[in-house]
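Since the structure comes first, as structure tokens, the remarks are kept for the end.
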Amino acid sequence: MKKRILSILMAVVLMVSALPVMGVSAKKGQVFMDINPDTWYGPYVYPLSEQGIVNGMDDTHFKGRNNLTRAEFLILLGNSVMNKPEFSKYTDLHLCPDADDSNGRPMWYAAYLNWAAQEGIIPAGERFRPREAILRYEAVELTYTVHKAYSSAIPLTPIKEALGFADSADIPESTLEALAACSSAGVISGDTEGRFLPNKTLNRGEGSRMMCSMLGIEPWDKSQIPTPPKFEAPKTGSAYGATYVEFDPQYFTPKVVLAKGKLDTTAPGSSIVSGQNAYIAVNGTTFDDNSSTKDVNGTIVSGGQVVRDLSTPDGQTNKPSFVIDTNGRSSIQWMDITQTVKLTKDGKTYKAIENIGHNLRIGDNNSTRMIYTKEFGSTIPGKVRYALEVDKNNKVTKVYKNSTSNVPIPSSDYVLFERKERGWDNDDVFKYAEVGDTIDRQIVYKGSSVQNIQTSISCGPTILKNGAVYGNSSTYAQEGFDSSSNVVGGGTHMLIGVKPDGKVVIACASGSQRQMGQIMKNLGCKDAMNLDGGGSTYLNCNGRQMASPGRQLTNMLIFVKK
């Protein structure tokens with residue numbers, strides 16, 4: 001069988017990384033927490049993962065029972081016959097009713113639906129039901145239709161006689177020709193009872209078994225499949241004047257939860273974590289409780305997405321950030337986020353926009369280029385000189401010019417804007433970007449030893465560094481905490497630190513920051529930092545309330561059991 005057919009089969013049944021909804025890239029030695037030696041599809045998943053063919057839905061879960069949707073299937077077929085960038089010209093054709101959202105904006109799969117409609121692969125003007133799970137007979141029909149439109153890319157070369165199926169009476173007549181072509185090409189087969197099961201959905205586990213057979217990859221023996229580590233419950237206790245929780249982050253998925261889903265908004269701590277399935281929850285970064293805006297004074301990354309970037313001012317040392325990377329490893333980093341966007345079109349690369357802020361409140365005369373997302377609000381308050389609405393695939397979907405007021409912030413995309421014109425070529429990206437253009441957005445965690453950050457929250461000051469108690473009035477000031485700040489004084493503090501073995505310690509104690517550093521050292525940490533404290537202290541572990549806040553909070557760091 002030709003290599004092209006095999007690549008199509010991989011796309012059809014395994015949900016590879018071409019889609020924005022897919023998981024992280026496969027990697028050698030990856031252990032899936034939801035596969036054990038007795039999981040029936042484990043012998044097929046692991047050899048494919050080792051060769052980089054299949055992905056997990058997240059960093060530790062394969063989710064073999066998850067179904068492919070009709071949109072995912074169509075995109076994978078499309079990417080089998082054309083290069084992905086070639087589809088951009090189809091984004092705004094509006095040939096399929098399901099290609100756009102209720103506001104008329106293209107969905108992430110719009111280009112592929114419009115392409116299929118224009119090429120006669122799906123009926124133009126009819127609904128495609130992109131989010132529904134694809135059935136086996138639908139997958140065969142769609143594969144065959146794309147084959148007829150692109151026979152050189154998908155030849156479906158026969159390698160055996162077409163199969164007969166025990167449930168042939170249940171197979172739609174319109175599917176028979178497609179089924180014969182796909183079965184003779186080895187694309188599809190029956191179950192142990194010889195049935196095609198036309199109305200059954202395709203899932204990832206079944207696809208893995210098919211792939212091993214199609215690629216001639218030997219399934220693993222049960223003895224080769226790693227046993228996922230057994231869950232280790234967090235350790236709680238009181239010592240050295242602190243109440244603490246110690247746990248291994250590999251068993252948890254971290255994220256930062258905002259009050260009411262918005263920045264600079266407050267709510268009771270119990271309300272913020274309600275419905276989040278939080279096994280461990282702790283108050284997050286500091287905020288200005290005395291202001292009407294309740295500004296969150298820290299950088300936040302959650303689920304791999306930047307939520308707020310509180311850039312470090314010139315002359316100030318980066319605040320410490322508690323970090324969990326995509327491999328579940330924890331660390332304390334002293335970093336700053338830098339965001340850059342570039343525009344290249346018609347062979348020309350325009351001057352990049354650098355030092356972009358993220359979800360920060362700025363005044364009418366502030367010239368900082370800024371990205372706003374739904375966490376900031378529903379509109380950009382006031383006027384902007386230029387704005388670009390950009391989707392998650394970095395495709396420009398709307399362009400605003402000429403001092404537009406109250407530009408809407410989309411719920412799933414982002415807006416890049418500036419309030420004041422910079423002149424010369426500093427505004428070229430804004431001036432020349434058009435709907436359909438691709439923006440190259442780069443995010444660098446400057447100063448961090450890891451770039452694959454899953455979740456991060458900054459606060460401070462640093463109280464323990466490289467195993468030594470750290471901090472004095474000078475270092476606190478360098479990190480942006482002067483001597484008048486409540487953060488560096490006495491009182492109750494919430495602390496978070498990382499031990500040499502990667503375990504995380506969260507503790508609540510009272511005293512000076514130097515005393516807090518000694519406590520975290522006594523608890524075995526290598527690096528540690530201060531979180532919000534005073535009336536903001538909140539700590540809950542597995543339903544046990546270990547510290548209760550005296551005020552409403554803006555954000556919390558939670559850990560959900562995997």
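Quick caveat: nothing in here was measured; it's all calculated off a predicted structure.
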Are side-chain N/O atoms of [X] and [Y] paired as donor and acceptor at under 3.5 Å?
{"X": "Trp108", "Y": "Ser412", "result": "no"}
{"X": "Thr397", "Y": "Glu389", "result": "yes"}
{"X": "Ser449", "Y": "Gln333", "result": "yes"}
{"X": "Thr379", "Y": "Asn406", "result": "no"}
{"X": "Asn365", "Y": "Lys420", "result": "no"}

Contact between [X] and [Y] at the side-chain level, heavy atoms closer than 4.5 Å - yes or no?
{"X": "Arg129", "Y": "Glu138", "answer": "yes"}
{"X": "Asp346", "Y": "Lys348", "answer": "no"}
{"X": "Arg419", "Y": "Ile380", "answer": "yes"}
{"X": "Phe376", "Y": "Met370", "answer": "no"}
{"X": "Pro130", "Y": "Thr69", "answer": "no"}
{"X": "Ser458", "Y": "Leu310", "answer": "no"}

In a check of side chain to side chain contact (heavy atoms under 4.5 Å, CB included) between Val323 and each of Val301, Thr455, Val450, Ile332, which one passes?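 One option only clears the test, and that one is Val450.
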For Trp115, which of Ile122, Ile75, Leu93, Val81 qualifies under side chain to side chain contact (heavy atoms under 4.5 Å, CB included)?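 Answer to the side chain to side chain contact (heavy atoms under 4.5 Å, CB included) test with Trp115 among Ile122, Ile75, Leu93, Val81: Val81.
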Does this structure show an ion pair linking [X] with [Y], if we count only N-O contacts that are shorter than 4.0 Å?
{"X": "Lys431", "Y": "Glu421", "value": "yes"}
{"X": "Asp336", "Y": "Lys446", "value": "no"}
{"X": "Lys395", "Y": "Asp391", "value": "no"}
{"X": "Lys319", "Y": "Glu479", "value": "no"}

What distance do Leu156 atom CG and Lys148 atom NZ have between them, rounded to the nearest 0.5 Å?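 The CG atom of Leu156 sits 11.0 Å away from the NZ atom of Lys148.
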Looking at [Y], is its backbone amide N or carbonyl O close enough to the side chain of [X] to form a donor-acceptor pair, meaning the two atoms are under 3.5 Å apart?
{"X": "Tyr46", "Y": "Phe32", "value": "yes"}
{"X": "Asn366", "Y": "Thr368", "value": "yes"}
{"X": "Asp527", "Y": "Asn466", "value": "yes"}
{"X": "Asn394", "Y": "Thr438", "value": "no"}
{"X": "Asp98", "Y": "Phe128", "value": "yes"}
{"X": "His147", "Y": "Thr145", "value": "no"}

Six-ring centre of Phe430, Arg369 cation under 6.0 angstrom, axis tolerance 45°: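 No, a cation-pi geometry is absent between Arg369 and Phe430.
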Does NZ belonging to Lys345 count more than 12 external heavy atoms closer than 6.0 Å?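 Enclosed: over 12 neighbouring heavy atoms sit under 6.0 Å from NZ of Lys345.
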